[in-house]
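What follows is a single structure, written as structure tokens, with notes after it.
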Amino acid sequence: MTKTMVSCAQCTFGVFEEQAAKNTNGEILVEFDKAVQGLTADIISHTAFGSSYKLGMEAFHAQKELQAIAISSLLNVQIPGFSYLPTRRNRLKWMLEKKLRSTLMCIINSRLASRGSGYGNDLLGLMLEACTTTEQGGKQEQLSLSMDEILHECKTFFFAGYETTSILLTWTVFLLSVYPEWQERLREEVLREVGTGNPSGDNLGKLKEMTMVLHEALRLYGPALFMQRKTITDMVVGAITIPKDHAVVIGAPFMHRDKKVWGEDADQFNPTRFANGVARAAKVPHALLAFSIGPRACIGQNFAMLEAKSVMATVLQKFSFTLSPTYVHAPADFLTLQPKFGLPVVMKLLDV
Ligand code: HEM
């Protein structure tokens, strides 16, 4: 998987490298947030669907458009029955839903048909393999998930897996641009542990300072803003009693900047607070909620951290970067925390 992540990252940044090399100062202006959005979509397509990644990208674009429609109508008054009327928006939505379903069905069916020695070692293959394995470890002909359930799982990988990681990368590059001394520390660490060759799972695992910086970026600018739960019994949390069957919204940004938990420097960028691991970074062990905790915590957190390290190592090996003078700092709630006006960054080749 690391190989796929690194090769996708090298492809994206290889293009920037070529363009920057044509300029005498070795610089290029990059809309970094958009570049990494494309990159993480590419990575999830490759890792989820292997050789069918092109079809995967088609499904991904349909899903992204559907997401945009859902967000734009979030605050609309919901009139009963309106969603069945053939308005322009509804017809576009139905067309996209149909396209998404048929594209995913095409990928899944062709995989089921070509089983041979196994379903493959991408996420879809692993899921299909698990669906035909019995609890005793044997094989069964029937899939234990319905086709609809498999389809929904594929959609969840995309929905949960690409935007969050691209936002983590975006805010990490923002912070490293604002704190060049940390950018230099990470570059030194990458060149020491990984060198100038291809990053691998083994050498990425040695990037301790990189892990600290990613955790600090998740604390200050975590992509997931709110988590929702429903109480299944009456509960007492601190001084508050919450009755059974009530919705609870947990706001990670408030908890992540609470001085009682993180200390007086809670608002400041200080990756060293994670020097002894996540559990010892604050006054309580589960204070970092970026991936949530408990049974519904993020299933993709190791994947996301590996992906973020693969991409950051690839960038730091080749470029230094600073914020473009046109950058405007406006973190905004688009369901996830995003820079409202994007992240324009000046990237400069290291050897120029
Ligand atoms: C920096 C990147 C990521 C962040 C910050 C993040 C954050 C989260 C959070 C906070 C939740 C829990 C939501 C809740 O409790 O209501 C969650 C759930 C989930 N995440 Fe992630 N995520 C990231 C990357 C990924 C990736 C790469 C994947 C898949 C490849 C993924 C798959 C999922 C899935 C499937 C769930 C639902 C788990 C369940 O309900 O059992 N996430 N994520």
Side-chain angles (χ1 to χ4, degrees), residues 1-47 162 165-214 216-217 221 269 271 303-327 339 342-352:
M1 227 167 243
T2 318
K3 221 170 159 182
T4 311
M5 292 170 176
V6 169
S7 113
C8 290
Q10 286 172 340
C11 225
T12 297
F13 293 103
V15 173
F16 296 148
E17 219 180 320
E18 274 174 32
Q19 291 170 353
K22 287 186 192 144
N23 298 332
T24 42
N25 59 3
E27 287 183 1
I28 177 178
L29 178 67
V30 173
E31 294 293 334
F32 197 85
D33 54 316
K34 296 197 180 62
V36 282
Q37 249 189 47
L39 170 57
T40 54
D42 197 27
I43 291 178
I44 196 79
S45 268
H46 276 86
T47 45
Y162 96 95
T165 317
S166 79
I167 296 172
L168 167 60
L169 286 162
T170 298
W171 289 121
T172 303
V173 162
F174 162 75
L175 286 164
L176 292 178
S177 304
V178 176
Y179 297 93
E181 65 283 12
W182 274 97
Q183 185 183 142
E184 201 40 50
R185 269 172 87 156
L186 291 205
R187 185 170 298 107
E188 276 168 20
E189 185 183 51
V190 167
L191 295 176
R192 187 173 66 244
E193 301 296 351
V194 181
T196 51
N198 285 353
S200 69
D202 279 349
N203 53 38
L204 289 176
K206 294 183 186 150
L207 301 181
K208 189 176 168 210
E209 298 212 323
M210 171 86 83
T211 311
M212 284 157 44
V213 166
L214 290 172
E216 184 68 340
Y221 293 96
F269 176 71
F303 182 102
M305 289 298 282
L306 185 63
E307 184 176 354
K309 285 181 200 174
S310 305
V311 174
M312 285 312 302
T314 307
V315 174
L316 288 160
Q317 279 177 328
K318 301 277 181 204
F319 293 98
S320 63
F321 43 86
T322 48
L323 290 179
S324 151
T326 57
Y327 174 73
L343 182 69
V345 159
V346 178
M347 300 186 74
K348 185 175 170 49
L349 283 173
L350 287 182
D351 46 14
V352 173

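For reference, positions follow the sequence shown, starting with 1.
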### Message
Test of understanding: with ring pair (Phe, Tyr, Trp, His ring centres under 6.0 Å), list the residues that count as partners of Phe16, not counting sequence neighbours.
### Response
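With sequence neighbours excluded, Phe16 shows a ring pair (Phe, Tyr, Trp, His ring centres under 6.0 Å) to Phe13, given in chain and number order.
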Could you work out, with side-chain hydrogen bond (donor to acceptor under 3.5 Å, both in side chains) as the rule, every residue matching [X], not counting sequence neighbours?
| X | answer |
| --- | --- |
| Glu193 | none |
| Glu189 | none |
| Glu188 | none |
| Thr211 | Lys309 |

### Query
How long is the gap from CE on Met212 to CG on Leu186, to the nearest 0.5 Å?
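Reported value, rounded in 0.5 Å steps: 9.0 Å.
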List in chain and number order the residues that pass side chain to side chain contact (heavy atoms under 4.5 Å, CB included) with [X], two or more places apart in sequence or in another chain; answer none if no residue qualifies.
| X | answer |
| --- | --- |
| Thr326 | Ser324, Pro344 |
| Ser200 | Asp202, Asn203 |
| Glu27 | Asn25, Val346, Lys348 |

### Heavy-atom closest contact (Ile43 atom, Cys8 atom, distance)
CG1-CB, 3.6 Å
#### Entry: Where Ile28 and Ala20 come nearest, the two heavy atoms and their spacing
CG2-CB, 3.7 Å
Min side-chain heavy-atom separation [X]-[Y] under 4.5 Å:
| X | Y | value |
| --- | --- | --- |
| Thr196 | Leu191 | yes |
| Asp42 | His46 | yes |
| Pro199 | Met5 | no |

### Query
Can Phe32 and Phe321 be said to form a side chain to side chain contact (heavy atoms under 4.5 Å, CB included), step by step?
CA-CA 10 Å; Phe32 197 85; Phe321 43 86; over 6 Å; no
Name each donor-acceptor pair under 3.5 Å that joins a side chain in residues 310-319 to protein atoms two or more places apart or in another chain, with its distance.
residue : atom : partner : partner atom : Å
Ser310  : OG   : Leu306  : O            : 2.8
Thr314  : OG1  : Ser310  : O            : 2.6
Gln317  : NE2  : Gly195  : O            : 2.9
Gln317  : NE2  : Gly197  : O            : 2.8

### Task
Quick one: do Leu350 and Arg187 satisfy side chain to side chain contact (heavy atoms under 4.5 Å, CB included)? Show the steps, please.
CA-CA 11 Å; Leu350 287 182; Arg187 185 170 298 107; 3.6 Å; yes
Name the atoms and distances for all side-chain donor-acceptor pairs under 3.5 Å in residues 167-179, with sequence neighbours left out.
residue : atom : partner : partner atom : Å
Thr170  : OG1  : Ser166  : O            : 2.8
Trp171  : NE1  : Leu337  : O            : 3.0
Thr172  : OG1  : Leu168  : O            : 2.6
Ser177  : OG   : Val173  : O            : 2.7

### Message
Suppose we screen for salt bridge (charged side-chain N to carboxylate O under 4.0 Å, His left out). Which residues come up paired with Glu209, at least two apart in sequence or across chains?
### Response
Arg185
### Query
Applying side chain to side chain donor-acceptor pair (under 3.5 Å), which residue pairs with at least one partner in residues 10-20 are found, sequence neighbours left out?
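As it turns out, the side chain to side chain donor-acceptor pair (under 3.5 Å) pairs with a partner in residues 10-20, which skip direct neighbours, are Gln10-Asn198.
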